[in-house]
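Quick notes on the structure that follows.
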There are 2 protein chains.
Amino acid sequence: MKRLPDDDCGFASALNVIGGKWKTDILWEINVAPRRFGELRRILAGVSEKVLAQQLREMEADDLIRREVFPGKVQRVEYSATEFGRSLNHAVGVMADWGKGYEIRMAQKAEEQAEEQAERSIALSA
Amino acid sequence: MKRLPDDDCGFASALNVIGGKWKTDILWEINVAPRRFGELRRILAGVSEKVLAQQLREMEADDLIRREVFPGKVQRVEYSATEFGRSLNHAVGVMADWGKGYEIRMAQKAEEQAEEQAERSIALSA
DNA sequence: GTAAGCGGTTACGTTGAGGTAAGGAGATCA
DNA sequence: TGATCTCCTTACCTCAACGTAACCGCTTAC
């Protein structure tokens with residue numbers, strides 16, 4: 001996601017924070033429960049270690065998530081959502097609901113076009 | 001904005017629709033009042049004709065805006081927001097509000113860090 | 001006749017987010 | 001001693017969004 005120049009409306013800022021390809025998924029997963037690095041790798045199938053580490057660090061810098069290193073026999077790092085992160089998750093939810101509506105609308109549109117296509121084929125063959 | 005694969009949550013779909021660099025601005029302007037192509041060019045200082053035309057066409061295909069050609073002596077094309085477009089504008093507004101909060105928070109954080117820096121300088125020079 | 005405004009389109013170059021693959025430090029296991 | 005697990009880092013590459021600049025048909029104004 002390109003870091004847009006901050007415009008007057010705040011939306012660009014929000015996109016700068018959450019626009020990364022995996023960030024909404026990361027935030028969602030961490031919001032469900034604190035997650036470890038390797039756990040996230042497994043859950044978010046397809047993300048590379050490089051990008052995961054990178055986006056986690058950016059989200060930490062933006063106060064969306066908290067990184068905690070637990071002392072123990074093996075290295076253990078846990079990421080959890082901050083209150084601020086949860087507040088963003090809510091705003092993302094509103095957009096996601098709209099996205100759902102869009103998907104349904106576009107599916108209907110595609111269906112209608114398929115029907116029209118079918119009708120044209122019948123008219124043509126008659 | 002890269003067209004992301006549609007995930008389960010709908011957010012990616014929403015981003016695919018509104019993620020273009022100028023689309024929120026376009027939607028906002030058109031929501032205020034119907035606008036002509038040249039008008040948008042002037043209002044959105046910095047957008048190129050190519051990208052403006054491209055994003056307008058994508059937004060039209062997504063039913064966010066309506067393109068109307070008015071017959072007359074000079075060519076006249078008007079873009080206006082659809083009801084669906086207005087509904088997206090609302091969801092964008094929620095994200096924008098969050099973005100505003102983020103900006104304020106980060107400004108405060110930067111201020112605090114500047115203060116700490118100043119204190120360190122004083123301690124060092126003493 | 002030519003300049004200028006409208007609403008574009010086209011070819012080409014740039015840039016940066018994300019992907020790939022490899023390495024690496026510290027600890028445990030066999 | 002080497003293999004394996006964890007949590008990363010680094011160098012390099014790819015690809016699509018965006019920018020630049022030129023051109024287009026149409027019309028009116030000078």
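The basis for the numbers below is simple: all heavy atoms, side chains too, and nothing from hydrogens, waters or symmetry mates. What you are looking at is a predicted structure, and each value in this text was computed from that prediction instead of being measured.
- Summarising the geometry, the separation between CD on B:Q54 and P on C:dA11 is reported as 14 Å, rounded to the nearest angstrom.
- Between B:R67 and C:dG8, a side-chain N or O to OP1/OP2 separation shorter than 4.0 Å is present.
- The one candidate from B:R35, B:K23, B:R42 that meets the salt bridge (Lys or Arg N to Asp or Glu O under 4.0 Å) condition with B:E29 is B:R35.
- A:Y79 and A:F37 have tilted rings, their planes meeting at an angle from 30° to 60° on a 0 to 90° scale.
- Considering only residues two or more places apart in sequence or on other chains, A:R86 meets the side chain to side chain contact (heavy atoms under 4.5 Å, CB included) condition with A:N31, A:A81, A:E83.
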For nucleotides 19-27 of chain D, tabulate all protein N/O to nucleotide N/O atom pairs closer than 3.5 Å, reporting atom names and distance.
unit_1	atom_1	unit_2	atom_2	d
D:dG19	OP1	B:K21	NZ	2.8
D:dG19	OP2	B:W22	NE1	3.4
D:dG19	N7	B:K50	NZ	3.0
D:dG19	O6	B:K50	NZ	2.3
D:dT27	O3'	B:K73	O	3.2

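- One atom, CG of B:L52, and another, P of C:dT10, lie 16 Å apart when rounded to the nearest Å.
- Rounded to a whole Å, the CD1 atom of B:I18 is 15 Å from the P atom of D:dA17.
- Rounded to a whole Å, the NZ atom of A:K23 is 11 Å from the C1' atom of C:dA17.
- A donor atom on one side chain and an acceptor atom on the other are found under 3.5 Å apart for A:R120 and A:Q117.
- For B:R36, taking side-chain heavy atoms from C-beta onward, the closest of the listed nucleotides C:dG7, D:dC7, C:dG8 is C:dG7.
- What separates CG of B:L44 from P of D:dC18 is a distance of 13 Å, to the nearest Å.
- Across the protein-nucleic acid pair, A:R76 atom CZ and D:dC7 atom P stand 9 Å apart, rounded to whole Å.
- The minimum heavy-atom distance between B:L64 and B:L27, with the atom names listed, is O-CD1, 4.4 Å.
- Contact annotation for A:Y79: backbone-only contact, meaning every heavy-atom pair under 4.0 Å involves sugar-phosphate atoms and none involves a base.
- A:L40 places its CG atom 13 Å from the P atom of D:dT6, with the value rounded to the nearest Å.
- Residue A:Q55 is in sugar-phosphate contact alone, with no base atom involved, counting any heavy-atom pair closer than 4.0 Å across all strands shown.
- When the P atom of D:dC7 is taken as reference, atom CZ of A:R35 falls 14 Å away, rounded to whole Å.
- With C:dG8, D:dT6, D:dT9 as the candidates, the nucleotide lying closest to the side chain of A:A53 is D:dT9.
- Note on B:R36 versus B:E78: no salt bridge recorded, every NZ/NE/NH1/NH2 to OD/OE distance being 4.0 Å or above.
- For C:dT9, one of the phosphate oxygens OP1 or OP2 lies less than 4.0 angstrom from a side-chain nitrogen or oxygen of B:R57.
- A centroid separation of 6.0 Å or more is found between the aromatic rings of B:W98 and A:F11.
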